[in-house]
Amino acid sequence: MNSKYTMEDIEKFIIDFKNSLEPEPNEWSLIINRKAYQEYLYEKFKREFFEKHFIEAKNGNIDDQKKFIEQMTPVLDDYYSVKEDEETKKHK
């Protein structure tokens, strides 16, 4: 299966995803807005998960990289389609 993405695209996605995260909330957030804090922790976990598996694939063989790209394709499709929708809404 040929993918429309490369390891470089995934690396760019990880950087974009990392930059889109809100700054770490302070301890008051835990008390005042537990749901927002939980969402922050979940997004942080996803970023770390993507980074870990990206490094493993990058250091792996070509088959590892192809498999990783295949697994990440729906994630990138979803992430960038949401970003495009947000940009479209801003310009209307």
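Because the structure is predicted, anything quoted here is derived from the model rather than measured. For the numbers below, each heavy atom of this structure counts, side chains included, while hydrogens, waters and symmetry mates do not.
How far OH of Y5 is from CZ of F68: 13.0 Å, rounded to the nearest 0.5 Å. Summarising the geometry, atom CG belonging to L76 is positioned 12.5 Å from atom CD belonging to Q71; distances are rounded to the nearest 0.5 Å. In this structure, the separation between CD on E51 and NZ on K18 is 5.0 Å, given to the nearest 0.5 Å. In this structure, E11 CD and E8 CD are separated by 7.0 Å, a value rounded to the nearest 0.5 Å. Separating the CD1 atom in I55 from the CD1 atom in I14 is a distance of 8.0 Å, to the nearest 0.5 Å. Rounded to the nearest 0.5 angstrom, I10 CD1 and I69 CD1 are separated by 5.0 Å.
Using a cutoff of 4.0 Å between basic side-chain nitrogens and carboxylate oxygens, K35 and E39 are scored as salt-bridged. For the pair E70 and K67, the salt-bridge criterion is not met [side-chain N within less than 4.0 Å of a carboxylate O]. Using a 4.0 Å cut-off between charged side-chain N and carboxylate O, D9 and K4 make no salt bridge.
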- Yes or no on ring-ring contact (aromatic ring centres under 6.0 Å, His included) for F54 and F50, after CA distance, side-chain angles and deciding distance? CA-CA 6 Å; F54 173 77; F50 294 146; over 10 Å; no
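Under the 4.5 Å side-chain heavy-atom criterion for ILVMFWY residues, a single connected hydrophobic cluster contains both F49 and V75.
Smallest separation of non-hydrogen atoms from Q65 and A57: CG-O, 3.0 Å. Scanning all heavy atoms of the two residues, the minimum distance from F17 to K46 falls at CZ-CE, 3.8 Å.
Of the possible polar contacts, one joining the D64 side chain to the N61 backbone as a donor-acceptor pair under 3.5 Å is found. Judged by distance alone, with hydrogens and angles left aside, the side-chain atoms of N19 form a donor-acceptor pair with the main-chain N or O of I15 at under 3.5 Å.
Looking only at side-chain heavy atoms (C-beta outward), Y37 and L41 come within less than 4.5 Å of each other.
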